[in-house]
Amino acid sequence: MSQVTASAKNSSGSKDTALESMYDDDSHPAVDVAALGEALLGRWADIRRTARELVGRDDIHRIEGQSVADHRKRVLGQLHYLVENKAVHRAFPESLGGNEDHGGNVAGFEELVVADPSLQIKSGVQWGLFGSAVMHLGTGEHHRKWLPGIMNMEIPGCFAMTETGHGSDVASVATTATYDPDTDEFIINTPFRAAWKEYIGNAALDGIAAVVFAQLITKGVNHGVHAFYVPLRDEANEFLPGIGGEDDGLKGGLNGIDNGRLHFSNVRVPRTNLLNRYGDVDEEGTYTSPIATPGRRFFTMLGTLVQGRVSLDGAAVAASKVGLKIAVQYASERRQFNASSDTTEEVILDYQRHQRRLLPRLATTYAAAFAHEELLQKFDDVFSGRHDSDEDREDLETLAAALKSLSTWHALDTLQASREACGGAGFMAENRLTSLRADLDVYATFEGDNTVLLQLVAKRLLADYAKEFKNVDFGIMARFVADQAADLTLHRTGLRRAVQTFADSGDERRSAVALRDEETQRSLLTDRVETMVADIAGELKPAARLSKTEAAKLVNSQQHELIETAVAHGELLQWEAFTTALHGISDPGTRQVLTWLRDLFGLCLIERNLAWYLMHGRLSNQRARTLGDYINRLLARLRPHALDLVDAFGYEQEHLRAPIASGDEAKRQQEAMEYLRAERASGHAAVDEKVLIERVKSAGKKISKKAARKRS
């Protein structure tokens with residue numbers, strides 16, 4: 001049990017005293033970096049270590065400045081290298097040489113981002129999307145026929161879902177697959193330009209087959225989106241008859257991947273090329289499915305492909321760790337301005353504003369890392385079959401949508417802040433921050449645009465309004481209590497604020513210390529989500545009585561609030577995951593430092609949304625005024641531990657490959673200081689003009705005083 005939690009058991013006075021003593025502690029706690037590193041590695045620690053040894057090799061590192069053609073060629077070769085090193089088969093069936101280890105597969109795969117995001121994503125296309133679609137949507141015959149070639153790269157493939165006219169709205173794709181009973185074939189068509197398959201990895205050059213998502217039509221009935229295995233190219237790597245495509249060319253990042261467009265004109269494939277686990281067509285054209293309703297069937301099929309979002313969440317966290325390790329290492333060595341000394345410049349991490357740049361983002365990265373570990377365990381539980389109910393899958397999809405959105409946005413923000421914190425050095429390609437930022441840009445729209453995904457999360461929150469989640473074993477799901485209406489009435493009448501204001505009218509410091517309390521933070525963060533959900537539910541309540549057009553207009557009027565609610569929910573999930581992980585830390589020093597870091601995360605969330613808390617009467621003005629000061633005190637407490645906290649990420653020089661994080665800056669600074677010390681000691685150093693002026697002034701004052709004494 002953490003120090004904060006334990007103190008919550010005591011009376012209010014003793015709790016405040018315990019919290020104050022913790023924040024004013026002068027015992028200088030130490031972080032056990034090795035133990036913390038193990039905690040961050042999580043359940044699949046051995047697989048992560050194996051993956052990190054692999055991504056530390058020169059063979060799979062990105063070469064900055066390569067041409068698009070050379071980068072593509074290198075990444076394709078690296079996929080074969082991954083096969084040779086048995087790095088990509090963990091999730092596939094044991095009968096075909098895999099391990100059926102779904103969580104371990106993702107844990108190892110997401111580490112590839114450290115070597116080159118293009119390698120991670122191209123691998124994801126081949127094995128995480130194309131291969132997984134065949135494995136999860138196909139049946140035994142499909143597995144035996146195609147998976148061995150997919151696994152060993154004999155069949156480089158594409159995942160052809162997204163269309164020019166329909167990105168996140170997969171249910172509305174316009175590509176059709178019409179069954180012809182006379183030939184026992186499906187006819188694949190992209191009937192107009194907007195139906196072309198767009199941004200498809202491996203489409204421009206390397207893919208010789210694709211899983212194509214199309215509307216299945218038989219006997220004049222459209223049964224919705226299904227997946228089909230479609231050969232694309234012949235042995236000479238030319239498109240087969242009826243198939244065409246274009247190269248997407250230079251992109252804003254990920255140029256090691258040959259993204260392209262595909263279109264189909266009366267392309268015939270055997271009926272048995274339908275990946276028919278969830279829907280089948282017999283020789284006469286009769287459609288059958290084990291899932292009765294089209295909507296549930298569609299979401300079941302897409303749910304099997306959720307690992308893409310889980311992987312992007314983990315990869316974004318890894319990229320944030322790399323960026324922060326580079327920036328914090330540099331900031332602990334780089335010196336600038338002699339604010340407190342005439343001879344020694346300040347380490348830039350000692351400046352409060354620099355701490356404000358990096359340490360809250362470090363806290364968020366820890367929160368995102370612990371939340372990802374819980375998401376990954378949930379993913380493994382579902383795909384291993386240990387916990388695989390409809391509700392489990394729905395929980396997994398909601399969590400993946402929320403956490404992927406927050407972590408990918410956070411990675412972009414963190415890499416940009418890290419770049420700026422390193423000044424001009426951060427802008428140099430050799431230090432990787434600019435290329436990582438460019439490559440991860442598209443992660444915010446990969447596997448679902450973040451804004452669209454957050455709408456999915458908000459809809460789930462509304463659906464679960466006023467009842468607890470049944471899946472209580474997954475501790476970070478927010479719960480909505482039955483007596484919420486009475487609680488909201490208390491808030492809205494201002495009674496709670498009045499009580500709090502009265503309590504705060506004494507010792508300001510003692511009243512504000514409650515913000516550091518674990519249960520207070522949990523209450524504030526949870527209450528915000530619950531209130532936002534309740535408010536939106538109230539606004540949308542009339543929709544059931546309106547026409548479809550008017551109901552859609554009403555929902556649209558609440559879209560911004562829906563997104564904000566989903567973000568608040570995701571942040572709560574991260575805070576809860578951080579808190580759960582914190583309770584598992586046994587070393588007292590490490591636990592105390594992590595408590596400060598968790599508090600920094602929670603208090604920064606409250607500070608960012610301070611207007612909401614004030615307007616809704618959750619915080620008094622007095623307590624709100626103290627928040628910034630306490631955050632600054634936390635920054636000062638965490639400053640001595642910043643290097644330990646990034647070292648615990650476990651990324652070494654072979655992973656970072658950034659000269660400014662190699663210790664070279666410390667050597668340069670040491671050299672400069674030794675030179676200046678030697679100059680001063682020699683007695684030959686030039687006198688600074690400002691120093692000379694001060695000496696003259698001082699001498700003049702002494703002469704004036706002496707003259708005044710003589711006159712007197």
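Just the heavy atoms: all of them, side chains too, but no hydrogens, waters or symmetry mates, feed the values below.
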- Message: Tell me whether the NZ or CZ atom of Arg309 lies within the 45° cone about the ring axis of Phe379 and under 6.0 Å from its centre.
- Response: no

Taking atom types as modelled, find out whether [X] and [Y] have a side-chain donor-acceptor pair closer than 3.5 angstrom.
X: Thr288; Y: Asp280; answer: no
X: Lys219; Y: Thr286; answer: yes
X: Ser118; Y: Arg62; answer: no
X: His226; Y: Gln215; answer: no

Using side chain to side chain donor-acceptor pair (under 3.5 Å) as the criterion, list what pairs up with [X], not counting sequence neighbours.
X: Asn237; answer: none
X: Lys251; answer: Asn259
X: Ser123; answer: none

- Note on the structure: Gln377 meets the side-chain contact (heavy atoms from CB on, under 4.5 Å) criterion, sequence neighbours left out, with Arg43, Trp44, Glu373

- Note on the structure: Sorted by chain and residue number, the side-chain contact (heavy atoms from CB on, under 4.5 Å) partners of Thr139 (sequence neighbours excluded) come out as His142, Asn276, Arg277

- Report the residues that fulfil salt bridge (charged side-chain N to carboxylate O under 4.0 Å, His left out) with Asp248, sequence neighbours left out, ordered by chain and then residue number. Arg261

- Message: Test side-chain contact (heavy atoms from CB on, under 4.5 Å) on Leu275 and Phe228; report intermediate values, then the result.
- Response: CA-CA 6 Å; Leu275 301 179; Phe228 301 81; over 6 Å; no

- Message: Looking at Phe446, I'd like to know if its CZ atom is crowded, meaning that more than 12 non-hydrogen atoms belonging to other residues, nucleotides or ligands lie closer than 6.0 Å.
- Response: yes

- Does Tyr278 OH have over 12 foreign heavy atoms under 6.0 Å away? yes

- Item | Criterion side chain to side chain contact (heavy atoms under 4.5 Å, CB included) against Asp258, the qualifying member of Asp247, Val75, Leu205 | Leu205

- Under 30°, 30 to 60°, or over 60°: which ring-plane class applies to Trp196 and His263, parallel, tilted or perpendicular? parallel

